[in-house]
Amino acid sequence: MLNIDQPMLINAQILAGLSGDRGWRLNDYLARGGYAALKKILQEKISPENVIAEVKKSALRGRGGAGFPTGLKWSFMPKNYVGDKYLVCNSDEGEPGTFKDRDILRYNPHIVIEGMAIAAYAMGIGRGYNYIHGEVWDIYKRFEEALDEARAAGFLGPKILGSEFSFELFAHHGYGAYICGEETALLESIEGKKGQPRYKPPFPASFGLYGKPTTINNTETFAAVPWIIMNGGDRYLEAGKPNNGGTKIFSVSGHVVRPGVYEIPLGTPFSKLLEMCGGMRGGRKLKACIPGGSSAPVVPGDIMMDCTMDYDSIAKAGSMLGSGAVIIMDETVCMVKALERLSYFYHEESCGQCTPCREGTGWLYRVVHRIEHGEGRPEDLDLLTNVSDNIAGRTICALGDAAAFPVKSFVKHFRPEFEYHIENKKCLVSPDVQREGSKIYVEQAAC
């Protein structure tokens with residue numbers, strides 16, 4: 001379900017207000033003003049430096065999770081490097097709760113192609129790859145068709161639109177491993193190797209794909225670039241708030257009436273987003289929210305209701321905006337059971353390269369599992385915190401942190417519920433209430 005509250009918003013061009021399987025072809029994109037930004041740059045011979053300056057001015061931050069300033073990242077690409085340089089789009093959307101990038105590629109693939117072409121021009125790059133998550137094969141095929149259309153129309157390939165700028169772009173199909181969402185593991189996978197993260201430094205800007213300078217951005221990040229070029233960085237910044245330029249696409253799932261993909265200006269109150277989703281299912285109370293994908297710390301409902309949806313506000317609440325995956329949990333949810341499922345995911349998805357993550361994620365899952373199944377011990381809660389502390393910050397990549405953060409936050413904010421499980425060998429939330437909540441969830445999903 002695509003939900004765009006205001007057609008004026010930046011990414012209304014990204015999702016184009018579409019529903020169903022239409023509107024993604026090149027002619028549809030051109031009718032909406034597509035490729036005008038790329039034409040403007042090439043015809044007016046705007047310098048690469050000015051393109052980067054405009055992106056910096058916009059305060060566009062990486063939409064994949066880290067939130068790093070995009071223009072600043074582009075400026076890291078060495079200007080006078082002699083040899084191949086690469087551009088990579090990270091469309092490996094594998095984090096639980098996250099499903100907005102696949103909708104961008106499904107409904108408007110050409111905006112990603114145009115955004116990548118502009119980025120390549122700005123950084124003097126001649127070749128790029130879009131790494132697409134392995135479990136969305138239909139989207140991979142659609143993007144390949146969009147690439148063929150763009151090449152045939154002269155928007156990709158040698159001497160684009162009669163200019164001296166050449167750029168070729170390819171799609172690369174991943175195979176579903178969550179770890180390949182980490183940028184250096186993604187590079188290893190493109191190179192045909194096992195998708196395991198690299199030690200950093202060196203960073204991709206100096207030693208990336210095939211050992212060459214490489215810039216990696218998220219799907220949504222590239223998709224925002226054409227609007228910035230056409231309308232100016234200042235206008236994009238004004239659409240959000242200081243240090244949080246523009247709008248953000250959120251994937252909202254869980255116990256809401258209308259789960260789906262929503263676009264709102266950064267800085268919008270969470271309560272407004274919840275209202276756009278139709279409110280809580282069954283009129284139940286908001287118990288908790290994970291605001292940035294399953295790797296983000298959980299936030300209690302009352303704290304979340306006071307937040308605005310931007311990087312700084314969510315950070316003050318003790319969590320992260322992350323990928324923009326908002327997971328809503330009502331009062332029927334057993335927090336121990338929810339954490340058990342999350343811990344199992346990170347245990348299964350650990351690549352095994354680092355001992356703290358390989359062994360620690362297993363410890364976390366097994367301890368939470370025994371609490372959920374009536375075998376917990378009073379010391380288990382301190383043990384969970386201790387194990388988490390010995391994983392976070394001690395691994396090559398952030399998967400260890402992603403496993404530890406939910407555990408620490410669940411125990412911190414919902415400790416009485418965990419203690420009840422340990423003392424009473426059962427859940428604080430009755431099975432009948434849990435079943436009723438699941439029944440509402442299933443019925444609404446079927447609709």
Side-chain angles (χ1 to χ4, degrees), residues 94-98 178 253-255 284-304 314 317-320 322-323 325-350 356-392 398-431 433-435 437-438 441:
E95 180 149 336
T98 310
Y178 173 71
S253 62
H255 295 105
R284 295 185 182 274
K285 180 182 177 182
L286 174 66
K287 183 174 184 176
C289 174
I290 303 177
S294 63
S295 61
V298 69
V299 179
D302 56 343
I303 296 177
M304 195 67 208
I314 300 299
S319 190
M320 303 179 294
S323 61
V326 181
I327 303 172
I328 303 293
M329 292 177 277
D330 70 14
E331 56 200 311
T332 68
V333 174
C334 168
M335 302 307 284
V336 181
K337 190 172 184 177
L339 181 59
E340 180 194 25
R341 189 63 189 87
L342 289 178
S343 296
Y344 178 78
F345 172 81
Y346 288 104
H347 170 47
E348 284 291 294
E349 293 293 341
S350 173
C357 183
R358 181 183 65 247
E359 300 299 327
T361 54
W363 271 100
L364 293 177
Y365 167 66
R366 288 190 293 271
V367 173
V368 178
H369 178 79
R370 74 183 180 213
I371 294 173
E372 167 61 16
H373 289 81
E375 299 173 355
R377 305 172 303 195
E379 60 269 25
D380 280 346
L381 299 185
D382 290 336
L383 178 61
L384 286 173
T385 300
N386 180 265
V387 173
S388 297
D389 287 340
N390 280 283
I391 298 174
L399 191 144
D401 295 353
F405 290 165
V407 172
K408 291 191 68 175
S409 63
F410 269 71
V411 173
K412 173 185 176 182
H413 293 299
F414 299 96
R415 190 180 185 96
E417 196 164 328
F418 284 79
E419 291 172 339
Y420 187 93
H421 268 78
I422 293 170
E423 294 171 7
N424 297 278
K425 312 301 181 186
K426 63 180 181 180
C427 183
L428 178 62
V429 181
S430 74
V433 171
Q434 291 186 48
R435 280 194 294 271
S438 298
Y441 187 96

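These figures come from a predicted structure and were not determined experimentally. Just so you know, these numbers use all the heavy atoms, side chains as well, and skip hydrogens, waters and symmetry mates.
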Contacts of type ring pair (Phe, Tyr, Trp, His ring centres under 6.0 Å), residue Phe414, not counting sequence neighbours: none
Tell me, please, which residues at least two apart from His369 pass ring pair (Phe, Tyr, Trp, His ring centres under 6.0 Å).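 Counting only residues at least two positions away or on another chain, His369 forms a ring pair (Phe, Tyr, Trp, His ring centres under 6.0 Å) with Tyr365, His373.
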Between the side chain of [X] and the main-chain N/O of [Y], is any donor-acceptor distance below 3.5 Å?
X: Glu331; Y: Arg284; result: no
X: Asp330; Y: Thr332; result: yes
X: Tyr346; Y: Ser295; result: yes

Mind listing the closest non-hydrogen atom pair of [X] and [Y] along with its distance?
X: Ala338; Y: Met329; answer: CB-SD, 4.4 Å
X: Phe410; Y: Phe418; answer: O-CE1, 3.7 Å
X: Ala296; Y: Pro406; answer: O-CG, 4.4 Å
X: Val298; Y: Ser409; answer: N-OG, 3.0 Å
X: Ile422; Y: Gly376; answer: CG2-O, 3.6 Å
X: Val407; Y: Ser388; answer: CG1-OG, 3.5 Å

Find out whether [X] and [Y] are in side-chain contact, i.e. whether some heavy atom of one side chain is under 4.5 Å from a heavy atom of the other.
X: Val387; Y: Val367; result: no
X: Ile371; Y: Leu381; result: yes
X: Ile391; Y: Trp363; result: no
X: Pro96; Y: Arg341; result: no

Pairwise salt bridge (Lys or Arg N to Asp or Glu O under 4.0 Å) hits with a residue in residues 285-301, at least two apart: Lys287-Glu417
Salt bridge (Lys or Arg N to Asp or Glu O under 4.0 Å): pairs with one or both residues in residues 356-372, sequence neighbours excluded: Arg370-Asp380
Using the salt bridge (charged side-chain N to carboxylate O under 4.0 Å, His left out) criterion, which residues pair with [X]? Sequence neighbours excluded.
X: Asp389; answer: Lys408
X: Glu379; answer: Arg377
X: Glu349; answer: none
X: Glu340; answer: none

Which residues pass the side chain to side chain contact (heavy atoms under 4.5 Å, CB included) test with [X], sequence neighbours left out?
X: Ser323; answer: Thr98, Ala325
X: Leu286; answer: Phe270, Met280, Met305, Ile328
X: Ile327; answer: Ser253, Ile290
X: Lys412; answer: none

Please round to the nearest 0.5 Å and tell me the distance separating atom [atom1] of [X] and atom [atom2] of [Y].
X: Cys289; Y: His255; atom1: SG; atom2: NE2; value: 13.0 Å
X: Thr385; Y: Asn390; atom1: OG1; atom2: CG; value: 11.0 Å
X: Ser350; Y: Leu399; atom1: OG; atom2: CG; value: 6.0 Å
X: Leu383; Y: Leu364; atom1: CG; atom2: CG; value: 8.5 Å
X: Met335; Y: Leu342; atom1: CE; atom2: CG; value: 9.0 Å
X: Ser294; Y: Leu339; atom1: OG; atom2: CG; value: 11.0 Å

Greater than 12 external heavy atoms within 6.0 Å of Tyr420's OH: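 Atom OH in Tyr420 is packed in, count exceeds 12.
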